[in-house]
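All chains are named by letter (A, B, ...) in the order of the sequence lines, taking the proteins before the strands, and each is independently numbered beginning at 1. The figures here come from the full heavy-atom set of this structure, side chains too, leaving out hydrogens, waters and symmetry mates.
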Protein chains: 2
Amino acid sequence: MKNRTIESAWRGAERCKNCAIRHLVLFADLTHDDFDRIHHPIDDIEFKPGSRVYLQGDEMPFVYTVRSGLIKLVQHLPNGDRRIVRILSQGDLAGLENLDGQPASHEAVTMDHVRVCRIPRSIIASLKRDTPRLHDALLQRWQKALSGADNWITRLSTGNARSRVARLLLLLDENSEDDSFFLPTREDMGAMLGITTESASKMTAGFRRNGLLKPLEDHRAWIDERELKKQFD
Amino acid sequence: MKNRTIESAWRGAERCKNCAIRHLVLFADLTHDDFDRIHHPIDDIEFKPGSRVYLQGDEMPFVYTVRSGLIKLVQHLPNGDRRIVRILSQGDLAGLENLDGQPASHEAVTMDHVRVCRIPRSIIASLKRDTPRLHDALLQRWQKALSGADNWITRLSTGNARSRVARLLLLLDENSEDDSFFLPTREDMGAMLGITTESASKMTAGFRRNGLLKPLEDHRAWIDERELKKQFD
DNA sequence: GCGCCGCATTGAAAATTTTCAATCGCGGTC
DNA sequence: GACCGCGATTGAAAATTTTCAATGCGGCGC
């Protein structure tokens with residue numbers, strides 16, 4: 001029972017050069033010469049919703065560039081509590097935290113249908129030696145991850161349950177290209193906000209009754225951004 | 001009414017080479033040649049407790065290596081709420097998040113008597129171009145900051161107030177060289193944990209009554225680490 | 001020594017959140 | 001079409017947290 005499929009693999013990085021989202025990914029600024037230095041296969045992988053990309057404690061021979069879909073990073077506490085600490089979306093790098101060879105500090109689980117490029121860590125390591133362009137791209141990723149984490153603390157873990165849900169909806173909405181956005185399960189919303197599933201449900205349902213949130217087909221939703229921002233922020 | 005004093009300044013980085021905590025700081029792995037590339041003054045600065053090192057929104061021409069003491073990074077929400085997102089201690093770099101030239105995303109405030117080295121950003125920029133050793137040191141800083149942020153979310157912003165306070169005490173204790181550790185004001189504890197000052201006070205006072213926490217002179221305290229860990233973790 | 005100020009503590013009522021259990025709704029199966 | 005199962009929703013009671021106000025406690029200046 002596999003919940004992932006390998007769509008394609010190839011030696012080197014021929015197709016990276018022509019990747020449709022190359023401007024968003026780690027390799028955005030590499031030159032053709034740089035690509036020629038890549039001598040290990042990069043796989044294009046699809047995951048079904050709810051698949052585990054890696055587990056907390058795993059050795060991490062790969063990093064993963066998110067091509068589409070959303071991945072949650074979950075951290076488990078010894079007492080069994082768990083908390084979602086970040087959401088990765090297009091262009092983000094799963095496994096960034098473990099580029100130094102440390103075992104994974106999170107569990108990574110897909111929230112919807114996800115496509116990633118699986119990149120051997122050795123590629124990053126060797127490119128890092130030779131090209132400063134990759135350095136900068138990595139630094140940007142660290143920066144984004146850290147400011148994301150800070151926002152998670154100040155916006156999603158502060159204030160009462162209603163504000164937290166509101167700010168989560170606004171965040172999901174901002175990060176979406178689309179007019180609509182992916183609305184997580186109430187359980188996931190709770191794990192992001194540090195509240196119970198039921199509380200997440202009550203607040204969400206409240207917003208729906210107020211007309212501030214409209215669920216759409218396929219786990220997606222729309223919010224009255226202006227009004228939500230006015231009431232919370 | 002200055003709440004900081006400049007202890008010493010010097011051109012270049014002569015004294016960096018002999019810095020007592022050099023093994024802990026950003027410049028740990030630089031060679032003598034590297035130091036000779038530093039052509040801007042690095043100041044050694046002291047701050048009184050409660051001094052603002054920089055404000056949210058400030059331009060950041062400097063970064064600051066913490067030599068001793070503790071600095072809190074505070075983020076303000078539009079609605080006036082505020083949250084402490086990180087504590088910096090010896091060897092940490094304040095302003096790391098703004099090395100790219102972005103204005104400060106936090107306010108940095110000293111919690112006790114603090115000594116820092118103020119390093120012009122231009123030095124980092126020029127060294128970064130020339131020495132991979134600095135690169136690695138910076139990456140380590142990013143890594144530490146991010147895993148710190150993740151812990152902040154999972155350990156300090158999850159569970160009931162009692163657990164949060166317990167885990168904060170354990171964290172403060174771990175990070176201290178000493179057998180004792182710096183116990184923040186209840187207001188700061190609240191801002192770290194996302195609870196009110198009064199709740200922080202009630203939990204803290206409770207631990208004191210149980211003998212799990214003993215306040216010492218000068219804002220320091222001791223905890224029964226084993227017992228606290230057993231009950232929480 | 002006295003008074004003051006800032007912080008910590010405490011108590012009681014109000015508000016919020018969790019808990020626990022029941023029900024609903026919907027998509028898929030048989 | 002009936003049935004199942006999973007997630008969402010809802011309600012009511014219990015537990016926790018906040019709020020608001022009062023009091024305690026040290027240190028500091030005068």
Side-chain angles (χ1 to χ4, degrees), chain A residues 48-50 72 79-83 109 111-113 156-169 182-221 231-232, chain B residues 1 3 48-50 72 79-84 109 111-113 156-169 182-210 212-221 231-232:
Chain A
K48 294 213 285 250
K72 57 185 173 189
N79 73 2
D81 273 3
R82 58 197 214 50
R83 190 75 195 266
V109 180
M111 302 181 71
D112 52 0
H113 186 85
L156 302 188
S157 309
T158 305
N160 60 28
R162 170 167 279 92
S163 315
R164 294 190 196 191
V165 171
R167 289 194 285 249
L168 173 60
L169 295 174
F182 178 82
L183 186 66
T185 65
R186 304 303 170 270
E187 187 178 3
D188 276 351
M189 290 176 64
M192 293 184 215
L193 303 173
I195 61 181
T196 59
T197 304
E198 291 90 339
S199 292
S201 177
K202 282 167 190 174
M203 300 305 139
T204 307
F207 286 136
R208 184 163 41 63
R209 278 191 291 268
N210 293 343
L212 295 179
L213 171 77
K214 292 193 194 307
L216 307 174
E217 84 302 340
D218 196 28
H219 295 263
R220 299 188 71 79
Q231 291 189 34
F232 305 91
Chain B
M1 175 70 87
N3 44 15
K48 293 212 285 250
K72 57 183 173 187
N79 72 2
D81 273 3
R82 57 196 215 52
R83 190 77 196 267
I84 297 175
V109 181
M111 303 181 71
D112 52 359
H113 186 87
L156 301 189
S157 310
T158 304
N160 61 26
R162 169 166 278 92
S163 316
R164 294 189 196 190
V165 170
R167 290 194 286 249
L168 173 61
L169 296 174
F182 178 83
L183 186 65
T185 65
R186 304 304 171 267
E187 188 179 1
D188 277 350
M189 291 174 65
M192 292 184 216
L193 303 173
I195 60 180
T196 58
T197 305
E198 291 90 338
S199 293
S201 177
K202 282 166 189 172
M203 300 304 141
T204 308
F207 287 135
R208 184 164 40 63
R209 277 191 290 268
N210 294 343
L212 296 179
L213 171 76
K214 290 193 193 311
L216 307 174
E217 83 302 338
D218 197 25
H219 295 259
R220 298 189 71 80
Q231 291 188 34
F232 305 91

Any side-chain donor near an acceptor of the partner, B:T158 and B:R164, under 3.5 Å: no

OP1 or OP2 of C:dT18 under 4.0 Å from side-chain N/O of A:S199: yes

Residue list, side chain to side chain donor-acceptor pair (under 3.5 Å) with B:R186, at least two apart or on another chain: none

Within residues 203-213 of chain A or reaching into it, pairs that qualify as side chain to side chain donor-acceptor pair (under 3.5 Å) - sequence neighbours excluded: none

Donor-acceptor contact present, side-chain A:N79 to main-chain A:D81, <3.5 Å: yes

Side chain to side chain contact (heavy atoms under 4.5 Å, CB included) partners of A:D188, counting only residues at least two apart: A:K72, A:R82, A:I84, A:M111, A:P184, A:T185, A:M192

Set of side chain to side chain donor-acceptor pair (under 3.5 Å) partners for B:H219, sequence neighbours left out: none

Value in whole Å for how far the P atom of C:dC7 lies from CG of B:L183: 14 Å

Pairs touching residues 185-208 of chain B that satisfy ring-ring contact (aromatic ring centres under 6.0 Å, His included), sequence neighbours left out: B:F207-B:F232

Exercise: identify the closest heavy-atom pair between B:G190 and B:A200: N-CB, 4.0 Å

Non-neighbouring partners of B:Q231 that pass side chain to side chain donor-acceptor pair (under 3.5 Å), sequence neighbours left out: B:E227

Reported CG-to-OG distance for the pair A:L193 and A:S163, which is rounded to 0.5 angstrom: 10.5 Å

Separation of atom CE in A:M189 from atom P in C:dT18, rounded to whole Å: 13 Å

Can you give me the N/O atom pairs linking the protein to nucleotides 4-9 of chain D at distances under 3.5 Å, or say none if there are none?
from: D:dA8; atom 1: OP1; to: A:R186; atom 2: N; distance (Å): 3.3
from: D:dA8; atom 1: OP2; to: A:R186; atom 2: N; distance (Å): 3.4
from: D:dT9; atom 1: OP1; to: A:R208; atom 2: NH2; distance (Å): 3.0
from: D:dT9; atom 1: OP2; to: A:R186; atom 2: NE; distance (Å): 2.8
from: D:dT9; atom 1: OP2; to: A:S201; atom 2: OG; distance (Å): 3.1

Between the first and last five pairs of the helix from C:dG1-D:dC30 to C:dC30-D:dG1, the angle of the axes, rounded to 10 degrees: 20°

A:L169 vs A:L183 side-chain heavy atoms within contact, under 4.5 Å: yes

Between the protein and nucleotides 23-28 of chain C, which nitrogen or oxygen pairs come in under 3.5 angstrom?
none

For B:M203, all residues meeting side chain to side chain contact (heavy atoms under 4.5 Å, CB included), sequence neighbours excluded: B:A161, B:R162, B:V165

Which residues share a side chain to side chain contact (heavy atoms under 4.5 Å, CB included) with B:S199, sequence neighbours left out: B:I195, B:T196

Close residues, residues 158-169 of chain A, relative to DNA chain C [heavy-atom separation under 4.0 Å]: A:N160, A:A161

d(CD, B:E217; P, D:dG27) in whole Å: 12 Å

